[in-house]
Amino acid sequence: MPEPVDAVEMQAALLRLRRTSGLPVVFGGLLSDARHARIAELNGAQTSALRGLVISAGSGLGGKAIALSRPCAVTDYAFSRHISHEYDAAVAAEGLRSVVAVPVVVRRAVRGVLYGALRTPVTLGDRTFDAVVAAARDVEQSLAVRDEVRQLLVAGRAQVTDPDAAPGAWEDVREAHRELRALVPRVVDPALRDELLEVCGRLASAAGPKVPAAREVRLAPREVDVVACVAAGATNAAAAQRLGLRPETVKGYLRSAMRKLGAHTRLEAVVAARRAGLLP
């Protein structure tokens, strides 16, 4: 079953789509299994006819998009000869005529379907069609990030539990920490972001208690991200690419972090950050 946090991505994409495209009705849902999607998110609907509708692969316009794993459109839904008509009653109740359905595909697996619709039988222009496709791509990227976050959270928790379970385990801990921190800015859901940061903190302290210092060191989140990349041997340019920042911005964060850590070199900054319990 789709998780509630995944549905948030569909809601946000539909809201953006309606604002940017001018489509009066947009809706969609995620797959509950390999062949069925449930319409759970609607924006602009005047009735509840579509809400909760279960779309089977191959049935109707959305089912065709799911089965073919590509966008499909009709100019006048009720009279189209290119789709089956199991859902005509719900579509007619909402007064929809011109409809486009785009599958949400993550790593070659269909995860949902997103629709845009008009209440008049006109051919959708390329600009509108492209807007619906772009909205589906937004959902795909968000779900891919969530998948990666979940995998890294599992790995991170395992490393926290037993960081010495295998040879080179500390490098695995440090790599998991870097990857999790790099994902934090891309996560919209605050609960999931807090969970990521909590695991990052546990990974950072997995080596043991921090070394007492004359004063507690506090780095901004991006400063920690940059120092973590430096600890992996990344150049400013490589760190910028990994974190989605400009090299000049990375340089600024690193300079600020070094000042706070009392470090004069990149290596000193990494050592000081580990002593302060900011890095594993």
Side-chain angles (χ1 to χ4, degrees), residues 5 9 12-13 16 104-109 111 130 133-159 168-190 192-204 206-207 217-261 263-274 276-280:
V5 291
E9 308 299 348
R16 289 193 299 271
V104 173
V105 184
V106 180
R107 296 185 181 90
R108 300 185 181 181
R111 296 276 291 274
D130 290 346
V133 171
R137 299 297 171 263
D138 287 345
V139 178
E140 291 169 1
Q141 292 176 14
S142 297
L143 293 181
V145 168
R146 287 189 181 281
D147 290 348
E148 190 174 352
V149 166
R150 288 174 184 133
Q151 292 170 6
L152 287 171
L153 281 174
V154 170
R157 290 194 181 98
Q159 293 292 348
W170 276 113
E171 283 309 308
D172 292 339
V173 169
R174 288 163 180 160
E175 181 60 24
H177 179 266
R178 286 190 291 271
E179 291 182 0
L180 285 168
R181 287 208 63 94
L183 283 171
V184 169
R186 298 167 60 190
V187 175
V188 177
D189 181 65
L192 184 57
R193 188 167 58 244
D194 289 345
E195 188 177 359
L196 269 172
L197 290 172
E198 186 270 334
V199 173
C200 286
R202 292 174 64 191
L203 285 170
V217 179
R218 293 183 179 275
L219 297 186
R222 272 313 202 187
E223 292 171 348
V224 176
D225 295 341
V226 169
V227 176
C229 288
V230 169
T235 63
N236 288 353
Q241 184 175 15
R242 180 165 194 160
L243 299 173
L245 301 172
R246 295 170 58 87
E248 296 81 4
T249 305
V250 167
K251 186 176 181 180
Y253 281 131
L254 180 57
R255 187 186 303 115
S256 176
M258 290 173 65
R259 184 177 64 253
K260 293 177 182 178
L261 292 165
H264 298 91
T265 67
R266 296 162 74 91
L267 178 59
E268 286 181 6
V270 172
V271 172
R274 285 179 176 155
L278 298 171
L279 296 180

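Just so it is clear, the model here is predicted, and its values are computed rather than measured. Heavy atoms only: backbone and side chains are in, while hydrogens, waters and symmetry mates are out.
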*For residues 227-252, which residue pairs qualify under side-chain hydrogen bond (donor to acceptor under 3.5 Å, both in side chains), counting only residues two or more places apart or in two chains?*
Glu175-Arg242, Asn236-Arg266

Please check: side-chain N/O of [X] versus main-chain N/O of [Y], any donor-acceptor pairing under 3.5 Å?
X: Glu223; Y: Leu219; result: no
X: Ser142; Y: Asp138; result: yes
X: Arg222; Y: Leu243; result: yes

Between [X] and [Y], what is the shortest heavy-atom contact and its length?
X: Ala269; Y: Ala263; result: N-CB, 3.4 Å
X: Ala13; Y: Ala135; result: CB-O, 3.9 Å
X: Ala240; Y: Pro247; result: CB-N, 3.6 Å
X: Ala273; Y: Val227; result: CB-CG1, 3.9 Å

*In chain order, what residues pass the side chain to side chain contact (heavy atoms under 4.5 Å, CB included) check against Ala272, with sequence neighbours excluded?*
Leu261

*Can you sort out the partners of Arg137 under side chain to side chain donor-acceptor pair (under 3.5 Å), two or more places apart, ordered by chain and number?*
Glu140

_Interatomic distance, Arg218 atom CZ to Leu278 atom CG [nearest 0.5 angstrom]_ = 10.0 Å

